[in-house]
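Scroll down for the structure; my scribbles are underneath it.
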Amino acid sequence: MPPTLVIIAGPTASGKTNLSIKLAQHWKTEIISCDSRQMYREMSIGTAKPDIDQLNTISHHLIDNLSIHDYYSAYRFEQDVTGLLKHLFNKHSLIIMTGGTGLYMDAIINGIDDIPDPDSEIRTMLKQRYDADGLDGLLAELAQLDPAFYAKVDRNNPARVMRGLEVCLTTGRSFSSFRIKQAVNRDFDIILIGLELPREELYQRINLRVDRMMEKGLIEEAKGLYPMKHLNALNTVGYRELFDMFDGKTDLDEAIRLIKRNTRHYAKRQITWNNRYPQMKYFNPDGFDEIINWIDSIVACWDKSL
RNA sequence: GGGGAGAUACCAAAGUGGCCAACUGGGGCAGACUGUAAAUCUGUUGGCUGACGCCUUCGGAGGUUCGAAUCCUCCUCUCCCCA
């Protein structure tokens, strides 16, 4: 059997965590998290991390490995995961990766070009320019420095425009010149499993989970992080709505309403993202046996062809 | 019982004779996305159509008008105030 990475994808609250742990127990293997927020050790309740028992049952990687003050990126994730896998495949022929961060997942599936980390001062400067003067000046500069990228960026999207610029300004080269979509050859196989629920049911689960987070003390957790609210890691559903409440912009009921709504929106974006993978095979999160059978059948097929 | 206000699309709410299939917000739906991505951005939301366009809408029934969500009459319902 060739080394195999089974990726469990699906929108938030679709049951990825529980299912992955059951699968990991079945195969006696380990789990790599693919979740941009569960990496931060300062956040727990609002990111729906696996609980202590779950973490003790199965060993998880890339959870609590960062501080909210740290720099991180999809490229670093790709480096971290490929490094980890090299090591883990010595112990297991099958590894599970679970999580909802589409871009990170994509960095593993399709690879991601090697682009230098941006200079943090340049990043800050661009943000300040944007806040002060808006997008027009930045767009004009981007058109100069990288006409090819300028031609296809979404010019309404400040994040995209600033990203292009920060690379141009940091490296002295055009952003486009780095974005070559270099094909990757992984020395392992990937099986993509998507979890799917009727929309209505998914939304119910989301609403319920938010209520549970509140019961577990999300407000307290957010309160502790409030002084750092400007950090990007804290620009996260469940936290920023509470920060607004602390600022007196909303009351508690409204904050909860918004957390639920924004989580639903987030789930929808994840579903849309996953649609880009025609090879993704969808299952109901309760379909444990079907999933096992499906994966076994694929692996058996590969074994035969070897 | 008397007086007043109002009924608009999934919800809220503008519109007060033609520019209205109807502002706006919410909610929904759909999409883009190679770097802090739980982020950031876009489209759409009466029906049919690829499109031109056509059809049915603004509580109900009539009426006035070349033309009505908008004016008139009656009816139904809701809300508020006084009793």
Side-chain angles (χ1 to χ4, degrees), chain A residues 10-14 16 33-40 43 45-49 66-80 99-120 122-124 126-127 130 135 149 152-168 170-171 175-184 199-200 202-203 206-207 209-210 213 218 222 228 230-242 254 257-276:
Chain A
T12 190
S14 60
K16 295 187 293 294
S33 167
C34 176
D35 185 304
S36 70
R37 297 294 128 125
Q38 292 184 359
M39 299 181 128
Y40 297 109
M43 299 194 271
I45 298 172
T47 58
K49 270 179 203 167
L66 291 178
S67 158
I68 53 176
H69 300 279
D70 293 337
Y71 171 83
Y72 204 69
S73 72
Y75 180 70
R76 291 199 178 182
F77 179 79
E78 194 260 359
Q79 299 286 294
D80 286 347
T101 304
L103 180 63
Y104 288 11
M105 179 169 75
D106 197 67
I108 305 307
I109 297 171
N110 293 316
I112 186 163
D113 291 322
D114 185 358
I115 304 173
D117 285 345
D119 181 283
S120 69
I122 289 176
R123 186 171 263 201
T124 308
L126 288 170
K127 181 75 171 61
Y130 171 65
L135 208 50
F149 182 64
K152 57 180 171 187
V153 243
D154 174 359
R155 289 176 214 158
N156 285 310
N157 192 330
R160 295 276 132 70
V161 172
M162 287 191 275
R163 159 99 271 245
L165 270 179
E166 74 178 11
V167 173
C168 295
T170 298
T171 64
F175 182 38
S176 309
S177 68
F178 291 102
R179 300 206 327 159
I180 51 179
K181 289 193 188 284
Q182 180 70 52
V184 283
R199 193 63 58 89
E200 205 175 309
L202 177 66
Y203 286 179
I206 288 173
N207 294 162
R209 194 172 71 175
V210 172
M213 286 177 178
L218 183 57
M228 279 85 80
H230 61 281
L231 294 174
N232 180 78
L234 293 176
N235 184 190
T236 297
V237 175
Y239 295 86
R240 58 177 176 188
E241 295 84 356
L242 291 175
E254 178 67 358
R257 204 202 110 235
L258 290 173
I259 292 173
K260 290 176 178 174
R261 183 200 60 185
N262 292 339
T263 305
R264 294 194 295 268
H265 289 350
Y266 169 49
K268 170 59 178 105
R269 272 178 272 133
Q270 293 175 299
I271 291 168
T272 300
W273 181 282
N274 290 159
N275 285 153
R276 71 176 52 208

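No hydrogens, no waters, no symmetry mates; every other heavy atom, side chains included, goes into these values. Each chain gets a letter, A, B and so on, in the order its sequence line appears, and its residues count up from 1.
A 3.5 Å limit on both hydrogen-bonding distances identifies B/U78 as the Watson-Crick or G-U partner of B/A5. Remark: B/A69 base-pairs with no nucleotide in the shown strands. Criterion, Watson-Crick or G-U wobble with two distances under 3.5 Å.
One interatomic measurement links the two molecules: CZ of A/Phe149 to P of B/U34, which rounds to 9 Å at whole-angstrom precision. Distance CG (A/Leu202) to P (B/C29): 10 Å, rounded to an integer number of Å. When the P atom of B/A38 is taken as reference, atom CE of A/Met105 falls 11 Å away, rounded to whole Å. Atom-to-atom, CD1 of A/Ile271 to C1' of B/C29 comes out at 12 Å; the value is rounded to the nearest Å.
The heavy-atom pair separating A/Ile180 from A/Ser177 by the smallest distance is CG2-O, 3.6 Å.
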Close N or O pairs between protein and nucleotides 40-42 of chain B (under 3.5 Å):
residue : atom : partner  : partner atom : Å
B/U40   : OP2  : A/Arg240 : NH1          : 3.4
B/U40   : O2'  : A/Asn157 : OD1          : 2.1
B/U40   : O2'  : A/Asn157 : ND2          : 3.4
B/U40   : O2   : A/Asn157 : ND2          : 2.9
B/C41   : O4'  : A/Asn157 : ND2          : 3.1
B/C41   : O2'  : A/Asp154 : OD2          : 2.5

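The phosphate of B/U34 (OP1 or OP2) has a side-chain N or O of A/Arg276 nearer than 4.0 angstrom. When the side-chain nitrogen and oxygen atoms of A/Arg261 are compared with OP1 and OP2 of B/G26, none of them lie within a distance under 4.0 Å. Phosphate contact (OP1/OP2 of B/G31, side-chain N/O of A/Thr272, threshold under 4.0 Å): present. Phosphate contact (OP1/OP2 of B/G31, side-chain N/O of A/Lys268, threshold under 4.0 Å): present.
Under the 3.5 Å distance criterion, with hydrogens and angles disregarded, no donor-acceptor pair is assigned to the side chains of A/Thr263 and A/Arg209.
Toward the 5' end of RNA chain B, the nearer of the two residues A/Arg257 and A/Pro118, judged by each one's closest nucleotide, is A/Arg257.
Salt bridge annotation for A/Lys49-A/Asp35: absent, with no cationic side-chain nitrogen under 4.0 angstrom from a carboxylate oxygen.
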